[in-house]
Each structure stands twice: as C-alpha cells, then as structure tokens.
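A short write-up of the structure that comes next.
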Protein chains: 2
Amino acid sequence: MSTNITIKDVAKQAGVSEATVSRALNNSPQVKRDTRQKIQNIARNLGYRPNGLARSIRVQKSHTLGMIIPDILNGFFTQLSRAIEDVAGQAGYDVLIVNTDEHLDKEAKAINLMFEKQVDGLIITSAGASTDYPRMLGTTPAVFVDRMPPANVVSQYDRVLVDNVQGTQDIINCLINRGAQRIGIINSAVSTTATERLRGYHQALAAAHLTPDPAIEATARTDGSNVPQMARQLLVNQKCDALFAADNTIMTGVLRKLPDLDLSAFQLGAFDDNDWFNFLPQPIVTAKQPIADLGRIAVERLLARIDDDQLPTQEFRLAATIIPRPMSDQ
Amino acid sequence: MSTNITIKDVAKQAGVSEATVSRALNNSPQVKRDTRQKIQNIARNLGYRPNGLARSIRVQKSHTLGMIIPDILNGFFTQLSRAIEDVAGQAGYDVLIVNTDEHLDKEAKAINLMFEKQVDGLIITSAGASTDYPRMLGTTPAVFVDRMPPANVVSQYDRVLVDNVQGTQDIINCLINRGAQRIGIINSAVSTTATERLRGYHQALAAAHLTPDPAIEATARTDGSNVPQMARQLLVNQKCDALFAADNTIMTGVLRKLPDLDLSAFQLGAFDDNDWFNFLPQPIVTAKQPIADLGRIAVERLLARIDDDQLPTQEFRLAATIIPRPMSDQ
DNA sequence: TTGAAAGCGCTAACAT
DNA sequence: ATGTTAGCGCTTTCAA
C-alpha cells in the first residue's frame, strides 16, 4: 500500500475543495463542465488512483462478493468461479474467492476473512453440514450453490442446485439400457450431493427391477486416496459390469486404477463432465452440469437480495444434461 | 456490508475507551490481563468483527496480494494460484485473483482494481508485451511469474520463470531418440514463452543435425480455435512423424482432432504436464513445470520486496522435468 | 495502565 | 456550482 496521491493533492493543485474533486471524479452533474475537465486532467497527470477502501468504508458498501469454494483444483469449481466472476463483473462487483479444501475450520476462517473485507454478500459451496451458518453469517446476504445448507436452516437461504437425482437416474438408465446388470457406485463423502446421487442410483435400479446390493456401494475418502482400490474391489472382486462415479475427481481416481484391467468389459458412468473424457479410449457416460447457469443465477439472486433483504428465499433446481458416450450410440 | 458491531459498541459495554478496546483486541501487552479478558469476552458475546478496511486504511497496509492471471480455466494457472494462496496465507496475506482472458485491456483494468483494493504487492503473469508497466505500477512491488515483462523494462522487476529452452530441448531430444525425423511444432502466441520454446526446439534439432522447416512451424491462435486443423495440416499434409505442442491447451486442441487419424504412427510431445495425459492411449512426452516452486518463490520474493524496496531485482529460472511417457521406456 | 484526540481517504449533508 | 464540516471504524501518538 504505497502512499499515493489523494484527493487532497488534486484539490490543492486545482485550487478547489476536496468535495468538488470528489464530485468531479464521480461525474456528478452538479459540477461545472470546465471545472470537471480541469480536475480530471489534473488527477490524470498526477496519477491519482482512488482508494477503494476509503470509499467503501465511507459509503458502507464494498461492491465485492465473497465466494467460498471447497476445491480450487476441481474443474467444476473453477468453471463455476469463472462464471460468477463474469456475471458479477458485469454488475460492477468484484469477487473474492477463498478455497477451503473441504475443511470446516478453513471455511470458518474464510467466512471471517470475507467479513473483514466487508463483502456485500456471500456465495457458498459448503464444506459440511455442521456449520452454524445463521450465527456465522448474521444478516449478511448469502446464496448456497451446488450444495445445500444444513437441513435445519435450509429454508433461511437461497439455494442454486443441480438436480442430482435426475442426472444420476439418466446415467444409470443409460448404462442399464446398454446391458449393465450389476452397477457399482463410488459415492462422494459430501453429504448433500452424495445423498441425492445415491437416491437417483437406487431409483433407477428399482425402476429397472434390479436389486441394490450394499456390497457394491462404496464411499470415497474426501482426498480420493482410496478410490483406485475401490474400483478394483467393485470391478474385480465384486464382479460389477458397470461402475458409476459420483463426481469427476472420483472418476479420475478410477481411471488411475484401470490401466491393468480389461476395460472393454465394463461400462463407466460419472456425474459431472470433463472435456478430456472425449479423448479416452473407454467411453464414459456423464451428466453435464449447467455450470454457467448455476453461477449466473447465484449472482443474480445474491444481488437481488443485497438490494432487498426482505426477498423470500428460494430454491433453484437445474437439470443436468446426459452425455451418452459414445455419442453415436445415443 | 451490513452495519455491524464496532469497537465503539464494545467500548461502551465495557466502560472503557475505544483505544483500550483496540489494544485489548490486538493483544497489546500493555493492557491489564483482566481488562483484556473482559473486553475480549464482551467482543465475543456481541459478535464483534473487525472491519479490515478501516484497519487497512489506518495502518496503510492491506495484507493483501494481487495476482493477475491470463486464464483461470487453464490448470497451470489454477495450480499456480493455489500454490500462491497457500504460501501467502502462511505469511498472513490474502490473495485477490483476477483473470484477464489474455486481454491487455482487461489486464489494465485488473491492475487498477488491485490498486483500488490497495494491495501491498502484485504477482503478474503478463497478458502481453505492450503494457507500460512502470507507468501502471509505479513503485508498487511486483513480481512477474511464468512470463517475462517487456524486454525494455525487464530488469526493473523480479521474475520467476521456467527454463523453457531446456524443457523443450529435453522433449524434442526424447522424440528424436525414439526415431522422430520430422517434428512439427504448434507454438503458442504468447511471445515470451513461445520464443524460448521455439529456441529450444531449434537447438534440439540442430544438435541432432536435423534441418528446421518453416512449413512445419505453426502458431496457434490465443483461443486455440485453429489448433485442430493445424494438427491435421502438420501430420497429414506435411507428413510429420512427430508433433510438439507448446502448452497444454494446444495439446488439448491437437487431441480434439486426432480421433480420425492413425495415432500409432505419430509421436507426441507437449510442454506442461496434465494428470489425465496418463489415461490416454497415446503416450505424450511432456515437460512438467515446477508449479509449487514457482508460486513459493514468487511470494517469498514479493514479500521480501514489500519489506525492503531497495532489494536488487533478480531472475529465477526453474528447471522443468521431463515425463517420457511411456515411463517404462525411459 | 488507560484515555483523549487526531487522522487515514473518502463522501454526503448542509451551507452558501 | 462550490466550500465547510462531520464522520465511516480503526490505530496511534501524546498525556495523564
């Protein structure tokens, strides 16, 4: 924070008051054209840069949104943050992104940081169900994306979510239509999406009159370290003929194990698409999430709430699109 | 920026002055133990949260670093930003990341934003060579990462770079050792890394007494849209037996085209590694960049410079590690 | 050990 | 159309 030219310096140069400079710089209509011109010129020549902190503190508005994401290395969240930055930027808002690594304590710290930076609102992809959001957030506008807030407070917040049940059903149905009889699942440890995806899996099985088997329902550790052996367990020991991975990091773990298996014998499905899935020799059926829409709606809703804190809370459920690789086979 | 409990409220409750509250909250040793305890309790009960903006404006330090990256969807920069956040966080600094989409005007806006937010220093991956950084940056500490600043001002800034010449040479050598005779290159449009990688390519050819051919040296558009047809042009029309892609997004473009070609006939190399390259049927020889080190050194250097602006500028060149897929063949 | 007062840079009443 | 003044929330002399 190098000490810089301030409004005072410009005022002195221009021989006017600080107030007039402020007005001129903010293009207030009530300042004479030539004064404005003169002041703006002087400001430019002096290399004046407004101090946004001072401005924010004065007007009680930072024009900054906070975004809390659990994993910045996961392409889903990167794309989501990109979408959110775009939409927020259009509306004149900056976005402060903080990564929690799926840790509750890091999330708490992240929220505190956001408050210190005086964000006008928060977009949260929750790292867990145990946080006491009402206490942490107070009356700060917040929208939950991708993952629901804890059940007991869910109605207090806006949510922008994907239809995980439908997306999973579509995938499992596709696998079944192609002949799969015994479909293993490696679910994620994230409660809110995991529960829904498991439900979709069960409903699809039931609709096809297939019996679920707890022995082929596994849950990945958050860091994904146990996914490769789970894949082996399900495909080899449990003789599954298909495998559903509940998100793209899990599918990556599965692929890490697959080289020594005979892939042509299995069908693969995953929630969440990845561009590079197209380059793999084995086709993967995925449900592609409407990431740009998730981001757009989340921002729009948050800005609306910042504008009017009386807005009733709402849940948005967006459909996922099935990508039935190989495409020709559709 | 919801109006919140301030120091004044805590002071009133505690029956002390604002100054004492400030001291107590900052654990000043010169405040009596029980007063401190009492004040901290009251603050907690009241749900007091410090206003970091007010603090920053007063102490003239934001404890925030700005990071300017050209493409948040590129895994290289995501990993880099993650590394930078980690190291900065350890040192008590937050990081404000802004994406430029390789646009010079967006970069200029990003830098202005950083100034408004009063960042203490800047980590820049430049979007182009034409910016007048000394004018834009003034005396604000800045470190350039991955890409050099414009040649005429390069010595004014610290740089943390990868040895692009060496990395490329290693890749080309590997391809040649495996029998490649005619190696096409699709280079990126980013001048600073592209020049170096092209030089490495030429030097490796020369060392192997292979004649360079301008007909098989192509440059990708920044958005990558013309990469697939370039790949076809080089591999089919120009009858290359190997192809070198100068970064991972270019390689992705190449793969987009490859499905209809007979891959087994070609060797592939790329600067910049990707995890999922391991899952592809065709092996890709890559140079893996030391991303964590790049980030760590950049932050350390920036903090050192924030501490002492007299520090002489310096260039760090980090080696890239060749990944000679298939690994067994090493 | 604590308090009073000034001031960081800015904007918004309220003058004039 | 412009100036004066106060104050956003905080820290930091200087005094007591």
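Not measured: the values here are computed from a predicted model. Order of the sequence lines fixes the chain letters, A, B, ..., with proteins taken first and strands second; residue numbering starts at 1 for each chain.
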Separation of atom CD1 in A/Ile57 from atom P in C/dC8, rounded to whole Å: 13 Å
Contact nearer the 5' end of DNA chain D, comparing B/Thr20 with B/Leu53: B/Leu53
Separation of atom NZ in B/Lys12 from atom P in D/dG9, rounded to whole Å: 11 Å
Residue A/Gln60, side-chain atoms from C-beta onward, closest of C/dT11, D/dC8, C/dG3: D/dC8
Whole-Å distance separating the CG atom of A/Asn51 from the P atom of D/dG9: 16 Å
Nucleotide nearest B/Pro50 (side chain, heavy atoms from C-beta), chosen from D/dC8, C/dC10, D/dC10: D/dC10
Mutual orientation of the aromatic rings belonging to B/Tyr133 and B/Phe144 [parallel < 30°, tilted 30-60°, perpendicular > 60°]: perpendicular
Carboxylate-amine/guanidinium proximity below 4.0 Å for A/Arg147 and A/Glu107: no
5' precedence on DNA chain C between B/Gln30 and A/Glu18 (nearest-nucleotide basis): B/Gln30
Under-4.0 Å salt bridge between A/Glu315 and A/Arg159: yes
Candidate nucleotides C/dG3, D/dC8, D/dG3, ranked by approach to the side chain of B/Ser17 - the nearest: C/dG3
Below 4.0 Å: OP1/OP2 of C/dT11 and any side-chain N or O of A/Asn26: yes
Selection from D/dC10, D/dT2, C/dC10 that lies nearest to any side-chain heavy atom of A/Arg58: C/dC10
Options C/dA13, C/dC10, C/dC8, nucleotide nearest the side-chain atoms of A/Arg23: C/dA13
SB check B/Lys12 B/Asp9 (cutoff 4.0 Å): no
Residue of the set A/Thr140, A/Asp120, A/Asp158 for which side-chain hydrogen bond (donor to acceptor under 3.5 Å, both in side chains) holds with A/Arg305: A/Asp158
Gap between atoms CD and P, on A/Glu116 and D/dC10 respectively (whole Å): 10 Å
Along DNA chain C (nearest heavy atom to each residue), the more 5'-positioned of B/Arg36 and B/Ala54: B/Arg36
Interatomic distance, A/Ile7 CD1 vs C/dT11 C1' [rounded to whole Å]: 8 Å
Separation of atom CG in B/Asn4 from atom P in D/dC10, rounded to whole Å: 9 Å
Sugar-phosphate, base or nothing in reach of B/Ser22, heavy atoms under 4.0 Å: base
DNA chain D: 5'-proximal contact among B/Thr6 and A/Ala19 (nearest heavy atom): A/Ala19
Between D/dC10 (C1') and B/Asp9 (CG): distance, integer Å: 13 Å
Touch class at under 4.0 angstrom, heavy-atom based, for B/Ser56 against every strand present: nothing
Separation of D/dC8 P from B/Ile5 CD1 (nearest whole Å): 15 Å
